[in-house]
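Just so you know, these numbers use all the heavy atoms, side chains as well, and skip hydrogens, waters and symmetry mates. All values derive from a computational prediction rather than experimental measurement. Whatever order the structure lists them in is the order used to number ligands and atoms, beginning at 1.
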Amino acid sequence: MSELLGTGVGRGVAHGHVLRMADPLGEPSTAALEGSADDAKQAVATALAAVADDLNKRGQLAGGDAQAVLEAQALMAQDPTLLDDVHARIDGGTNAERAVFEAFGQFRDLLVQMGGYMGERAADLDDVAQRIVAKLRGVPAPGVPESDTPFVLVARDLAPADTALLDLDKVLALVTRDGGPTSHTAILARAKGITAIVGVTGADELTDGLHVVVDAAAGTVVTDPSESLVAEVDQRIADRLAAAAAPLTAGTLADGTAVPLLANLGSPADAAGAVALGAEGVGLFRTEFLFLDSPKAPTVEQQTESYRQLLEAFPGKKVVVRALDAGADKPLPFLTDKDEENPALGRRGLRALRNHPEVLRDQLTALAQADAVTEADLWVMAPMVADAEETVYFVDLARELGIRTAGVMAEVPSLALMAEQVFQTADFVSIGTNDLTQYTMAADRMLGTVASYQDPWHPAVLRLVAQLGSAGAAAGKPVGICGEAAADPLLAVVLVGLGATTLSMTPAALADVRAELGRHTLEQAREMATAALAASTAAAAKSAAAAAHAA
Ligand code: PEP
Ligand code: MG
């Protein structure tokens, strides 16, 4: 057996035989253009139209998040600036395939230089270029291999067009050499519930037919697994299937303590899917996702309509909406300062809203209006709040504009350290463990090189959660968790032991967390939390928690 490491997406585990995706088409030759420039331009136009059409059709077939991604790719294929560049190269005597390759390649390099979210779109653009070159060459576009039996798909990187249409009966798991946790491959794999590991060093060594175990929870690919490991994996797969098929009961510990399981959503369109997976409400609605492409601040009417749609999907249920969290990896042109050297430490979240109070007032007004005509129990919270003074600012404004329940997110360590004062004003606190970990450990959550610091199991992060939990209990007010940590079943139990009263996560994780909660009592969860707090590293905290109460 040998082990390769990468970044796991979701909690799945699988084993099977490797089938590699064909490597990309060979680079087009630099031979000079033969024939007329007009003919070459016509051939490119036909190829572009066919590729855009194909991507749009695949999008319609796939629906949901995948459709938006594939339609964005179709738009790339028809980008007028890129086409001008291709034409200029053809006019300069370059052959059509080469002209497409060079024009798209130049734009790709620009995206890579921009890094972060934009850098991760480079794979999308490469895929479009490959499809156009394949059309010009008259060969099939590179894609997922055909097989009669299930397999583990290994690829250099997977294009969104391929990820979206993966046949879940055939693809047991996905392993890619490239890509980070925010690449589209990861986003789509998470939404589809595919066991996946991205950014696997050494993935090129995984050859066709090799037997591998893919463990997303551990972020490992084990080659030539032993019989006992395979048996253990089969047991885990059976447990997960049982959890997924279990009745959609409310989140409850083994002793009957209720721990409501809520959904993290980014669009009202995702509400039905969350309800189908048993979400008891919404613990985090990321409003900024609705407006990422808007050059101007959305109007009150526009927002009221979106919030009304969301609230209507949850009559009688709790829905926690977050005020716009602009900045860092989610810039909004109408809120975000340009040219900040360290945008994650800049004017983001509530700081940006306070700098544009009219935007915050409009959003709170729209929320209050949507609340007035629907039956959900609306709670509203502010992101990136540093202390009690900022809490008072937000909660007072929210109440003035008609919001009944107003709270803050705990994402900045200073807020956790000031928890008692914060609870004097806030109706509730929701802990964003993604940012709380980033800021506690001083490790950029977008940066692969410091990914090992981005571990919410770190006792430093757990201590801050414990402080918030105790302050919430003393004040008799709810403390939710809405970062990715709540989707880690064992950590979810520890967070409850530290005082979390609700857990909110990507809906695909609800079944695993529901099952794990049912294996521990509140007293056991507290013992696990105490053991984790006493550890000195993230790994030690995890083992200590597991050892404190093996379910
Ligand atoms: C968090 O920081 O944990 C959180 C839930 O907010 P986001 O991931 O949107 O920054
Ligand atoms: Mg956050």
Query raised in the report: For the side chain of T391 and the backbone of V422, is there at least one donor-acceptor N/O pair under 3.5 Å apart?
Result: no

Query raised in the report: So, R399 and D427, do they make that salt bridge, N to O below 4.0 Å?
Result: yes

Query raised in the report: Atom OG1 in T201, atom CG in L5: separation rounded to 0.5 Å?
Result: 7.0 Å

Query raised in the report: What part of L284 sits under 4.0 Å from ligand 1 if we count only heavy atoms: the side chain, the backbone, both or neither?
Result: side chain

Query - Residue D325, metal the Mg ion (ligand 2), N/O/S under 2.8 Å - result: no

Query raised in the report: Considering only heavy atoms, which of E411, Q438, M409 lies nearest to atom 2 (O) of ligand 1?
Result: E411

Report summary line: One finds that the ligand 1 atoms under 4.0 Å from a non-hydrogen atom of G483 are 3 (O), 5 (C)

Query - Backbone or side-chain N or O of D435 under 3.5 Å from ligand 1 N or O - result: yes

Query raised in the report: Once you round to the nearest 0.5 Å, how far does CG of L498 lie from OG1 of T530?
Result: 8.0 Å

Query raised in the report: Which one holds for E484 and ligand 1: side chain close, backbone close, both close, or neither close, with close meaning a heavy atom under 4.0 Å?
Result: neither

Report task. Could you check which N/O/S atom of D435 is closest to the Mg ion (ligand 2)? Result -> OD2

Query raised in the report: So, R361 and E358, do they make that salt bridge, N to O below 4.0 Å?
Result: no

Requested in this report: Would you mind listing which atoms of ligand 1 come within a distance below 4.0 Å of any non-hydrogen atom of C482?
Outcome: 5 (C)

**Report entry** Which segment of R445 sits under 4.0 Å of ligand 1 when only heavy atoms are counted
**Finding:** side chain

Query raised in the report: Who's the nearest protein heavy-atom neighbour of atom 6 (O) of ligand 1, and how far?
Result: R322 NH1, 3.0 Å

Query raised in the report: Any salt bridge between K330 and D325, counting N to O under 4.0 Å?
Result: yes

**Report entry** Minimum-distance protein heavy atom relative to atom 7 (P) of ligand 1
**Finding:** R286 NH2, 3.5 Å

Query - Identity and separation of the nearest protein heavy atom to atom 3 (O) of ligand 1 - result: N434 N, 2.7 Å

Query - N or O contact, K330 vs ligand 1, cut-off under 3.5 Å - result: yes

**Report entry** Flag if over 12 foreign heavy atoms under 6.0 Å of CD, E389
**Finding:** yes

Query raised in the report: Looking at F285, is R322 sitting on its ring face, NZ or CZ under 6.0 Å from the six-membered ring centre and within 45 degrees of the normal?
Result: no

Query raised in the report: For the residue pair H549 and H520, does the interplanar ring angle fall in the parallel (under 30°), tilted (30 to 60°) or perpendicular (over 60°) class?
Result: perpendicular

Query - Proximal heteroatom of E411 relative to the Mg ion (ligand 2) (N/O/S) - result: OE2

